[in-house]
Amino acid sequence: MEVELIRVELRRPTYRYLGFAHVRSGDGREYRLPMTGTVAQWLEVGAEYELRLSRETEIGFDDYRLNGEVPIWPLFAREYAAERTSPVSGETLYSYRVLAREARYERDYEAIVELEQYHYASNEELLAWWHCEACDRYEEANARPHCPKCGAPMRFHDLKSATRASRFLVLELLEREPYEPQYVGYVRVDPPIPAMNRRLPDGTIERDIRRRVFPGEWFAHPFAPRGGEGAGEWWELQGEALKGARSPVARLARVVVHPDYRVDGLGQLAIRALVDWMRERWVPDMRRPKEALETIAMMARYNPFMEKAGFVYLWDTGSGRPVLYLPLSDRARKAIEDFLARDPVARDHRGKLYRPRFEPVEPLSCPIRLRKLFKSYSNELTLEDLSEPVREALEAFGVRERMIQRYVIKNGEIEIEPGKITAIVGASGSGKTTLLRIIWGLLTRCDDPLYRPDAGEWELPANARVQLLIPGEVEPDFGDAAVIEVLYRICGDEALAIEILNYAGISDAVLYRARFRELSTGQKERAKIAWVLAHRPNLILIDEFGAHLDPATARRVARRMSQLSREKGITLVLVTHRREILEALEPDAVYMVGYGTLFRADEVPERGFRVREPYATYIVEGKKRWEVRRYPTEVRGKVGVVSGDKVIGTVEILGSKGPYTLEELREHPDRHLADERFLKEYARGEKLYVWELGEARKFHEPVEFEAQRGQRTWIRLRRKGHQRGESSEDATRNGD
């Protein structure tokens with residue numbers, strides 16, 4: 001039905017989330033429609049709207065729809081998906097489902113206050129006003145306070161930095177872990193500022209610059225309340241200013257994303273949601289279709305976020321703050337392009353403000369190759385320093401003074417390619433840290449026996465600039481200086497220091513100025529990564545990467561490090577045991593360390609042989625040392641062990657023996673693990689041969705391969721997605 005707005009009902013304390021629009025239909029019926037005051041205050045008395053009701057009496061928030069030239073109620077809400085893709089394959093690694101909706105509830109604004117603190121609060125800054133309904137008293141706080149007079153919990157009133165014209169869009173995670181926040185960001189949109197001047201490079205001021213670029217009528221009806229001595233009078237004056245404000249331009253006043261999620265592009269998703277909201281609802285004023293979005297953001301000098309979202313830099317304000325515009329219409333786009341083409345200063349910067357500082361590094365001049373590597377540790381245990389009761393207790397268990405010696409790495413081999421990512425995995429105490437120590441010791445010519453191999457052969461690049469991070473052993477000392485100050489002292493560039501912090505997953509300006517001891521455990525880990533990056537190494541060695549990060553944050557930081565190292569040519573060697581980190585890193589090579597072994601876990605040999613279960617698993621676990629076959633084999637060396645359509649590990653074929661009778665094979669069940677019935681059925685009355693196996697290795701993850709027709713026992717192995725190799729006939733012939 002068609003209705004006319006006859007009155008708007010607002011209460012100052014709760015106007016953000018509660019207001020009423022009183023409307024009258026053509027037949028004289030009146031309706032009191034509940035809605036947020038931030039929407040109701042923009043409606044014009046005497047204007048006509050379209051109303052659809054699901055009930056005629058006691059109308060609630062969800063019982064009606066109200067439309068003007070644009071939808072007014074219910075509020076804007078839309079789901080978005082943000083996929084985080086692999087820098088290697090482009091495939092999706094993980095994704096977010098986000099609900100972007102206009103703030104409606106009191107809890108939404110409480111979340112906004114909490115998120116606002118990540119950006120702008122310090123110990124001295126209070127961001128919000130709260131109201132006690134019993135005492136009609138207002139207090140400043142950053143979290144819901146209790147009334148100092150009556151002790152009752154106070155209700156949210158407003159953000160101190162906002163105006164009545166401000167409208168907010170919140171971002172909620174729809175699928176999240178229990179430890180993840182519900183609100184991951186918000187956007188605030190305002191009318192454009194009433195007037196804007198431009199500072200030229202020589203310091204002169206050019207007044208009213210926007211009228212040189214856009215039609216003057218775009219800014220002819222600003223939101224510009226004047227005067228007011230008290231908070232109550234100021235609130236009323238803003239209400240009067242709302243009545244005449246209208247513009248096809250809106251201003252992005254805030255876009256705030258939870259610090260843990262900024263490296264994953266949710267800020268750009270927030271801008272996309274804002275643009276959709278503006279186009280559908282003409283926010284904030286709902287009176288003119290929006291053609292451009294302006295923002296004034298000093299941080300745009302130090303972070304490319306705005307430009308990545310499509311904003312174009314045009315000029316600096318009279319106070320020296322950068323101004324950027326996002327065109328939403330062809331008219332706005334053409335106006336911006338014409339200005340950039342004709343204005344002498346704009347022609348020089350061409351709409352670009354941010355200049356990246358982190359340049360690609362000089363890659364390693366050759367691979368790092370370690371062969372025949374040996375490293376052992378000796379430890380002499382004595383009972384000398386123990387108290388007599390403890391010594392007697394240990395002696396009861398047979399503990400005596402002794403020398404313990406074991407190999408941590410025995411005849412190991414590793415090759416680290418320049419610009420590639422290598423992951424080292426293995427059980428605790430298996431030798432992962434030892435391997436990093438050896439690599440670092442060889443490259444730095446360290447004489448400490450802890451960082452030197454016992455024996456081996458190695459080839460090293462002459463131009464390696466290596467940084468090592470081993471928690472509790474080799475790590476930075478931040479002292480009592482601010483984190484950003486420490487990085488600035490290393491790299492000598494404040495913009496580069498900020499860029500590096502962003503790369504490491506610390507993109508909160510509040511944390512930039514924090515001291516290391518003031519950070520959380522996870523933030524400290526990211527600060528250490530930033531310290532490593534600040535030295536601009538071409539080789540980074542990190543032990544227990546992401547150990548103190550929750551799974552979701554670890555995945556985000558790992559993906560970012562993977563992208564950074566590949567973009568900048570950094571060779572990355574990381575020790576980790578966490579699956580989510582390996583998935584996000586997508587390492588070019590994975591090496592296993594444990595029980596003295598060191599080998600590439602994901603290296604698939606050129607050929608493999610098919611074995612049924614459970615014998616295939618017995619082989620790669622080193623339990624089965626003889627493979628019984630009807631024929632001998634001339635194949636020697638490392639081959640893949642194929643179970644079904646996957647390579648599950650490798651084994652060395654040491655030789656071929658036989659023929660053996662069934663009676664002879666019965667004498668060695670511990671070697672072939674086959675029962676007598678199987679041997680009899682398999683032999684079919686003939687003698688059998690055995691292939692001697694050794695150096696079994698089980699893959700961390702089975703590897704799929706592309707099977708070719710004609711391959712039965714021996715298979716020419718090619719990973720799925722790789723180019724096919726020889727024909728099946730060649731593969732069979734080259735096997736046996």
Side-chain angles (χ1 to χ4, degrees), residues 368-379 404-417 420-442 450-456 458 468-474 525 539-549 551 554-555 558 561-562 571-604 617 619-623 638 641 647-652 694-703:
I368 298 172
R369 296 188 178 96
L370 307 181
R371 299 188 181 91
K372 301 178 181 178
L373 194 66
F374 287 82
K375 180 66 176 179
S376 63
Y377 283 129
S378 299
N379 188 18
I404 295 179
Q405 187 175 39
R406 68 182 182 93
Y407 274 106
V408 181
I409 299 174
K410 183 179 180 182
N411 199 27
E413 181 175 322
I414 186 171
E415 180 170 327
I416 300 168
E417 292 285 345
K420 302 294 185 181
I421 299 175
T422 300
I424 311 296
V425 299
S428 298
S430 61
K432 304 185 298 296
T433 304
T434 297
L435 179 60
L436 291 190
R437 290 188 186 118
I438 289 173
I439 296 171
W440 186 82
L442 291 173
L450 184 66
Y451 299 92
R452 301 291 298 186
D454 297 338
W458 46 84
L468 172 66
L469 182 58
I470 300 178
E473 182 178 321
V474 180
E525 183 160 348
L539 172 62
I540 295 176
L541 312 173
I542 300 181
D543 191 25
E544 294 300 336
F545 177 77
H548 299 295
L549 303 178
R555 187 172 55 215
M561 284 294 289
S562 173
T571 305
L572 201 57
V573 182
L574 302 177
V575 167
T576 185
H577 62 278
R578 298 175 60 175
R579 181 183 296 273
E580 67 273 13
I581 288 178
L582 287 172
E583 291 173 349
L585 277 175
E586 292 187 294
D588 300 284
V590 177
Y591 280 85
M592 296 289 293
V593 180
Y595 304 104
T597 62
L598 167 61
F599 61 91
R600 180 164 176 170
D602 60 342
E603 184 176 35
V604 178
T617 299
I619 288 175
V620 296
E621 290 178 347
K623 300 173 182 177
K638 184 187 293 184
V641 179
V647 186
I648 64 171
T650 63
V651 74
E652 299 271 350
E695 299 297 326
R697 293 169 179 175
K698 186 177 182 180
F699 285 169
H700 182 67
E701 291 287 345
V703 177

Worksheet item: Can Y591 and L598 be said to form a side-chain contact (heavy atoms from CB on, under 4.5 Å), step by step?
Response: CA-CA 7 Å; Y591 280 85; L598 167 61; 4.2 Å; yes

Worksheet item: How would you list, by chain and number, every residue that makes a side-chain contact (heavy atoms from CB on, under 4.5 Å) with V651, sequence neighbours excluded?
Response: F609, I619, V639, V641, L693, A696

About how many Å separate [atom2] of [Y] and [atom1] of [X], when rounded to the nearest 0.5 Å?
| X | Y | atom1 | atom2 | result |
| --- | --- | --- | --- | --- |
| R578 | E544 | CZ | CD | 10.0 Å |
| T576 | F545 | OG1 | CZ | 8.0 Å |
| I416 | T571 | CD1 | OG1 | 8.5 Å |
| L370 | W458 | CG | CH2 | 8.0 Å |
| L549 | I581 | CG | CD1 | 7.0 Å |
| I414 | I439 | CD1 | CD1 | 5.0 Å |

Discussion item. Quick check on E695: does its CD atom have over 12 non-hydrogen neighbours (other residues, nucleotides or ligands) under 6.0 Å away?
Written reply: no

Discussion item. Apply side-chain contact (heavy atoms from CB on, under 4.5 Å) to residues V593 and I424 and explain how you reach the verdict.
Written reply: CA-CA 7 Å; V593 180; I424 311 296; 3.6 Å; yes

Compare all side-chain heavy atoms of [X] with those of [Y] and state whether any distance is below 4.5 angstrom.
| X | Y | value |
| --- | --- | --- |
| H577 | V425 | no |
| L582 | P587 | yes |
| V620 | R697 | no |

Worksheet item: Which atom pair, heavy atoms only, marks the closest approach of S562 to L585?
Response: OG-O, 3.0 Å

Worksheet entry | For E417 against E415, the heavy-atom pair lying closest together | OE2-OE2, 2.7 Å

Are any of the side-chain nitrogens in [X] or [Y] under 4.0 Å away from the carboxylate oxygens of its partner?
| X | Y | answer |
| --- | --- | --- |
| R555 | E580 | no |
| E473 | R437 | yes |
| E652 | K638 | no |

Taking [X] for the side chain and [Y] for the main chain, is one N or O donor matched with an acceptor at less than 3.5 Å?
| X | Y | value |
| --- | --- | --- |
| K375 | R452 | yes |
| D588 | K420 | no |
| E525 | G546 | yes |

Practice prompt. Quickly, which of I409, V573, L541, V575 forms a side chain to side chain contact (heavy atoms under 4.5 Å, CB included) with L435? Name it, please.
Written response: I409

Discussion item. Would V474 and D543 count as a side-chain contact (heavy atoms from CB on, under 4.5 Å) here? Give the steps.
Written reply: CA-CA 10 Å; V474 180; D543 191 25; over 6 Å; no

Worksheet item: Does the side-chain contact (heavy atoms from CB on, under 4.5 Å) test come out yes or no for Y451 and I438, once each step is laid out?
Response: CA-CA 5 Å; Y451 299 92; I438 289 173; over 6 Å; no

